[in-house]
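Reminder, nothing fancy here: chain letters follow the sequence lines and each chain counts from 1. Computation of the quantities below employed the complete heavy-atom set of this structure, encompassing side-chain atoms and omitting hydrogens, waters and symmetry-equivalent molecules.
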Amino acid sequence: MRNRGTLSLHIPEPHNRPGDAPDFSNILIPPAGALERPPIDANARALSPYAYTLIRVLDAEGRAVGAWNPHLEPQALIKGLHDMMLTRAFDERMYRVQRQGKISFYVKSTGEEAVSVAAAHAVEASDMCFPAYRQQGFLIARGYPLIDMMCQCFSNVRDPIKGRQLPVMYSASSHNFFTVSGNLGTQFPQAVGWAMASAYKNDDRIAVSFIGDGTTAEGDFHHALNFAAVYRAPVVLNVVNNQWAISSFNGIACGEEATFAARAIGYGLPGLRVDGNDFLAVYAAEQWAAERARANLGATLIEHYTYRAEAHSTSDDPSRYRPTDEWQAWPLGDPVARLKQHLIHIGAWSEAEHQALSDEIATLTRETQREAETIGTLATGSRPAKATMFEDVYEEIPWHLQAQMKEAGV
Amino acid sequence: MRNRGTLSLHIPEPHNRPGDAPDFSNILIPPAGALERPPIDANARALSPYAYTLIRVLDAEGRAVGAWNPHLEPQALIKGLHDMMLTRAFDERMYRVQRQGKISFYVKSTGEEAVSVAAAHAVEASDMCFPAYRQQGFLIARGYPLIDMMCQCFSNVRDPIKGRQLPVMYSASSHNFFTVSGNLGTQFPQAVGWAMASAYKNDDRIAVSFIGDGTTAEGDFHHALNFAAVYRAPVVLNVVNNQWAISSFNGIACGEEATFAARAIGYGLPGLRVDGNDFLAVYAAEQWAAERARANLGATLIEHYTYRAEAHSTSDDPSRYRPTDEWQAWPLGDPVARLKQHLIHIGAWSEAEHQALSDEIATLTRETQREAETIGTLATGSRPAKATMFEDVYEEIPWHLQAQMKEAGV
Amino acid sequence: MTAMNMIQALNSALDVMLAKDPNVLVFGQDVGYFGGVFRATEGLQKKHGMTRCFDAPIAESGLVAVGIGMSVYGLRPVVEIQFADYIYPAYDQIVSEAARIRYRSGGDFHVPLTIRTPYGGGIYGGQTHSQSPEALFTHVTGLKTVVPSNPRDAKGLLISAIEDNDPVIFLEPKRLYSGPFDGYHDRPVQPWSKHGLSEVPDGYYSVPLGEAAVVREGSAVTVLCYGTMVHVALAAAEATGIDAEIIDLRTLIPLDIKAIVRSVQKTGRCVVAHEATQTSGYGAELSALVQEHCFYHLEAPVQRVTGWDTPYPHAFEWDYFPGPDRVAEGMRRALAS
Amino acid sequence: MTAMNMIQALNSALDVMLAKDPNVLVFGQDVGYFGGVFRATEGLQKKHGMTRCFDAPIAESGLVAVGIGMSVYGLRPVVEIQFADYIYPAYDQIVSEAARIRYRSGGDFHVPLTIRTPYGGGIYGGQTHSQSPEALFTHVTGLKTVVPSNPRDAKGLLISAIEDNDPVIFLEPKRLYSGPFDGYHDRPVQPWSKHGLSEVPDGYYSVPLGEAAVVREGSAVTVLCYGTMVHVALAAAEATGIDAEIIDLRTLIPLDIKAIVRSVQKTGRCVVAHEATQTSGYGAELSALVQEHCFYHLEAPVQRVTGWDTPYPHAFEWDYFPGPDRVAEGMRRALAS
Ligand SMILES: Cc1ncc(C[n+]2csc(CCOP(=O)(O)OP(=O)(O)O)c2C)c(N)n1
Ligand SMILES: Cc1ncc(C[n+]2csc(CCOP(=O)(O)OP(=O)(O)O)c2C)c(N)n1
Ligand SMILES: [Mg+2]
Ligand SMILES: [Mg+2]
């Protein structure tokens, strides 16, 4: 091997590591309300500038400004605030439950609540969601019973998925929410297949899917975009760019060189980049993409620019790889605080109402936890019957599993 | 399942099927020489228009025009013409050999010779090539012995790869040409890894890889672009868009919605689209990308717009799925004829010289065939010793393979 | 009844199911207008419409993923992987998703997906057109694995696979597409039309998954096999005159263990034959099961006759393929002691 | 010598090889600055430099492909797959490429790549953090498959794997990272420091691939096992007082058949134990081999003690895990007749 000193290998590194002061000065943030809202049948290529900017509606004063303002009724906004707050409170509670050793694992979505909740609000309840593992907000916004979510986390006898999966891996066909996979990325092209099926059946339902910034590196991401483009599948493909994939900043997933929304361009799909901490902007972009899909105009890729405020999971310690106070410095703020400010600004909300809602949610989650724990936790040994372990491998139990059941004494 | 008649599934179809008159009126062909040649350190995003046009140097009269003209010496042009003609003649001969039942399979590259040959000329002999199965022109241009290629096709006792693979699956480390895989696409990210290794060692060699338009749908394509972008690997990634993937037109691979060169944009890489039947344009684009890579500025994606003039392989019959006379109607012509016209135009070549070269090549390939057949064909039973079948699974033969050798009587 | 070769029988199964169930659709590389590189989908697009049978990008993982999504919607997709050698890019979607969705969702979702793919050697396809990867699926809980050996079974089993509510890997021995190849590569192969099992009902019928067929009764030794090897084993029995009982497993998972045990208890000797490489092949599972279930009936070790533990080398097609001589040798070894 | 747990031993192996050979480099998800989710690469980036140990995108197939390309250049890459459950996206690059390149090129190229990945259950990881996919590699000719069971072997085998000129799948039993877990989940696990095989040489040494270790001599029954199950089998022998001979295979391919035959010929009885699901697991191959090589010495059927043929269910961790009671039961069955 020669060594002529010309080339060198580039290893991307984030701007800040533990010990550094957080610094987001490299992030360009256009003012809220600056962008046009193109018609839903706009030509994809003409939309490419939307992949390099940020659709923003809420300004620093809490005003909703510009063409992307979805002009939601106050009641709808309050519902959005409620669902985000409930998601955050649920996360807090389950995190503590994990710290108490009552569940094995947990994943919070703190700081990213607007993405899942606003998306859930912008599409129809009959639209099918293929989530990653950080979309609890979507399920909560659809009104899935909190008790069922908790029982899943506890793997207890009322766990709807019979103790089969780690906490947070919900499955809720009743709420058009696909079974969460531990394998990253696989859901993205599946959503496209579901959407193709809906089109095949001349249905009017669309699919919505979510993927993390880190996971866009998987082949599944490419397959999803490619099949969606080829068959013009009615699907909204969301990238949640929360800056981190466990300890890897998004430059490792290729966010240094281009935006994730820009990936859409090469497939001839619209790619929108959205302030992911702006409930109204997320709602508006999702609504635009859903209308486009439902009008048989095909798929849209939306990059939600946000920040993972907490650890990756309860198995993670982010202070080992990033400044601990990064979230405080995050220039797009907190989605809950921003929507609250907006509601107060338009006179539809008050600090007192906010406190009341907060208390109500605290009570609800606390009491639901109590109820769930009464049913049982992994520690109390409340589980589905052992025999269920052998069910659902196939529709019917084949002889070899029956023999194993016998051997297992069930 | 509801059926509200809104959505419908789009299945892409080519413009023409058997029985239709060929029609390429939908293809936009900019005039030769129209485009600027940007500096090699140009910003990738600024280059995005190059993904939607065609870099062309040779005009209809055979003149080399515009900023992309690489200004090659006549001798270099004649070498290019020679290598393309030799590739075509070799293909013709091996095709006939297959039809005579002397080899099991063959793949021609007719009509696409400029892509492989000009690329081979534009990079250094020490640069590493990770080819698809239709890059025989690259190997020929590097001066790999024709006799070794033929012996590979015959799987005879002098087959350098010991009868292990189908015809055309060459391997030539001596010529920096990686072993061809029957599995599509796998070589593309491997080339990126090789390039990363070269950068890691502060070497100055770069990697070059080729993939078919159809194969860009594989996850490997995405992995290649993504790793190349993240680590700024010194690699030239070539998509050979010959319009077809067996019976599927490139709309099935997503060529309807966008160009293949445009895929680069989403990764922050330059994407160039080139008249693949224009030897000078291919050379120039490849040279630009190679210089950029060698200057440690990272990867480039080049889409070569060309046409697969013949059947996919000897197992294929294209008259079943496309108009038989499509190639005649192909607006970018024949790369051999175009380079010949240019050479004549600049006074460096004549019909007589052309005929002489043609005859010389015919003799060479005929005599090489005779020599190879004397060594043996699959039919004559000339093969490496049967015991070699058990070699090279591992560096050393483990006990279980030794036991099987014994059982096989070798 | 019509005399069909295997491709025609498979085509007929797809045709029948497309007509019967609007939720059935077929896609894969080159399967639409062209009708597939082996012609298994010929005419289906024209007859049933563009959206019922169509071409797909070269992305096996995408194909399977999209098929899973369609299954979740409520369709019964049939996906073609052009060669089994090219199924590996889809392995994650098959193993982590198709096979696991029913279980991981507690039965909330399931995946009635059929993956058809030609497998096996004997066509000078070299190492990337000849592989037999069945053991890579039999190890995966949640998958069913089916291998037909003749036109009648091919159609009936494919219909069962499509109607099954679990994902099925349907491996088609491509060497049998045109005739019941018995491994005598230097003799002319008879066409299917001369074979009894080429008489195929025209309409709908099914052959249940999980039932083996005794294709030759015998008392000296049991041969467990599937796909092309069924015909090779028959030829070996004929050539040697050994009174072998030959069992065509037809479905590898779920396996017809009763048929196996019944036979081995009778013969006391067993040969397992497959084209796949030996180590960790499905033959290992069969051998283990036979000795677990029939240990005290076994008079000799279970013999494995398989492809060598090398890739399938192009120039050594017939040295690699476990032909009748090798199966005969296996039977002799089983009888020797 | 230093007392190391398994993670420290693996870290030491990487450290030693990074220092010894400039062609060695290490990459994978979260392995760079952070040092890996299991801390196996902790400190290596800081010590050896950014380009020697770095983070990679979440694209297992890309990781392996890039590792292959680097191998072709002449490097010896060590790739980490974060959990073995996530290796399937890379399956095509492993099977069709890494494993085949030497063969298909007639020896013109080869791939000295090591793929490290934590596998196995016992950590309440649920079905996507607990799998044991070894049989999916042992069936693939061209791959070597290694499974250490203690710190000393872990370091020595990993060094051998890195120095090997063929691709090696290096499966790390994650339940053993911190201590020699014996399957008694309700008892405290002793730390490695109390175990003899935690005494690890600080510098370079190697344990050859293909050699098993007899970790307990005995005459009543042979137990074939690897990884976590080695400690489970030892516990079962202790608990029952059965005089088992326990063989830690260490390398599954190439297998130390001599050690196996020698032992089974002595004991006449055999139990095969692994965490992976049973059907088509590596235990099937071991069972088949034992009966092929030792048929006339066997006094009872080879017993398989394995994970059930279901995914690994989160709430049923200890019902699924084949603990000492099940191994003991297997030994008793082997001794029963
Ligand atoms: C196929 C696969 N590879 C690796 C992992 C391990 N893993 C779990 S989460 C994670 C990071 C994902 O990051 P991102 O996609 O950005 O999502 P986020 O956690 O930020 O929501 C990794 C590497 C996995 N679960 N599946
Ligand atoms: C992974 C994989 N899938 C499918 C195939 C079968 N196959 C061989 S060539 C081919 C078409 C390739 O088309 P393209 O990439 O456009 O290359 P071209 O033949 O036009 O040069 C297909 C589908 C394969 N060899 N490998
Ligand atoms: Mg992330
Ligand atoms: Mg093509």
Cut-off 3.5 Å, side chains only: do [X] and [Y] have a donor facing an acceptor?
{"X": "Asp108(C)", "Y": "Ser171(A)", "result": "yes"}
{"X": "Ser105(C)", "Y": "Thr179(A)", "result": "no"}
{"X": "Ser209(A)", "Y": "Gln187(A)", "result": "no"}
{"X": "Gln152(A)", "Y": "Asp159(A)", "result": "no"}

| Which class fits the ring pair Tyr282(C) and Tyr226(C): parallel under 30°, tilted 30 to 60°, perpendicular over 60°? |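 Judged by the thresholds at 30° and 60°, the geometry between Tyr282(C) and Tyr226(C) is perpendicular.
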| field | Parallel, tilted or perpendicular: ring planes of Tyr86(C) versus Phe83(C), cut at 30 and 60 degrees | value | perpendicular
| Counting only heavy atoms not in Glu396(A), do more than 12 sit closer than 6.0 Å to its CD atom? | no
Residue selection (most heavy-atom pairs with chain A, distance under 4.5 Å) from [options]:
{"options": "Leu143(C), Leu289(C), Val64(C), Thr141(C)", "result": "Leu143(C)"}
{"options": "Gly107(C), Pro89(C), Pro254(C)", "result": "Gly107(C)"}
{"options": "Pro57(C), Ser61(C), Pro77(C), Pro167(C)", "result": "Pro57(C)"}

| message | Please classify the contact of Asp166(C) with chain A as side chain, backbone, both or neither, using a heavy-atom distance under 4.5 Å. | response |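 For Asp166(C), the side chain is the part near chain A, not the backbone.
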| message | So for Lys144(C), is it side chain, backbone, both, or neither that comes closer than 4.5 Å to the heavy atoms of chain A? | response |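 Contact with chain A: backbone and side chain both.
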[X] portion near chain C, given a 4.5 angstrom heavy-atom threshold:
{"X": "Phe177(A)", "answer": "backbone"}
{"X": "Tyr200(A)", "answer": "side chain"}
{"X": "Phe178(A)", "answer": "both"}
{"X": "Phe188(A)", "answer": "neither"}

| query | Between Val168(A) and Gln136(A), does a side chain to side chain contact (heavy atoms under 4.5 Å, CB included) hold up when you go through it step by step? | reply | CA-CA 8 Å; Val168(A) 318; Gln136(A) 53 266 58; 5.5 Å; no
| field | For chain C, the option from Ser174(A), Ser198(A), Ala233(A) that forms the most heavy-atom pairs under 4.5 Å | value | Ser198(A)
| field | Most chain C-contacting option - heavy-atom pairs closer than 4.5 Å, from His222(A), Met169(A), Met196(A) | value |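 So the answer, after comparing His222(A), Met169(A), Met196(A), is Met196(A).
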| said: Counting only non-hydrogen atoms closer than 4.5 Å, can you tell me which residues of residues 90-100 of chain C sit against chain A? | reply: Asp92(C), Gln93(C), Ser96(C), Glu97(C)
| task | Enumerate by number any residue of residues 65-72 of chain C whose heavy atoms lie under 4.5 Å from heavy atoms of chain A; in the absence of such residues, state 'none'. | result |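 At a heavy-atom separation under 4.5 Å, chain A is reached by Ala65(C), Val66(C), Ile68(C), Gly69(C), Met70(C), Val72(C).
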| message | Using modelled atom types and a 3.5 Å cut-off, is there a donor and acceptor pairing between side-chain atoms of Thr251(C) and backbone atoms of Gly210(C)? | response |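 At least one qualifying donor-acceptor pair exists.
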| request: Establish, yes or no, whether a centroid distance under 6.0 Å links the rings of Phe138(A) and Phe210(A). | output: yes
| Under 6.0 Å between the ring centres of Tyr231(A) and Phe54(C)? |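 They qualify: ring centres under 6.0 Å apart.
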Do NZ/NE/NH1/NH2 and the carboxylate oxygens of [X] and [Y] come within less than 4.0 Å?
{"X": "Arg205(A)", "Y": "Asp203(A)", "result": "yes"}
{"X": "Asp256(C)", "Y": "Arg250(C)", "result": "no"}
{"X": "Asp204(A)", "Y": "Arg294(A)", "result": "no"}

| CZ on Arg102(C) to CD on Glu395(A), rounded to 0.5 Å |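 Going from CD on Glu395(A) over to CZ on Arg102(C), the span is 5.0 Å.
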| message | Please evaluate residues Glu60(C) and Tyr88(C) with respect to the criterion side chain to side chain donor-acceptor pair (under 3.5 Å), reporting the C-alpha separation (whole Å), side-chain torsions for both, the decisive distance (0.1 Å), and the verdict. | response | CA-CA 8 Å; Glu60(C) 290 76 11; Tyr88(C) 307 125; over 6 Å; no
| remark: So the salt bridge (charged side-chain N to carboxylate O under 4.0 Å, His left out) pairs with at least one residue in residues 15-30 of chain C (sequence neighbours excluded) are Asp15(C)-Lys47(C), Lys20(C)-Glu163(C)
| Interface residues of residues 400-410 of chain A facing chain C - heavy atom cut-off under 4.5 Å |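 Within residues 400-410 of chain A, the residues that come under 4.5 Å of chain C (heavy atoms only) are His400(A).
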| message | Is the shortest side-chain heavy-atom distance between Asp220(A) and His223(A) below 4.5 Å? | response | yes
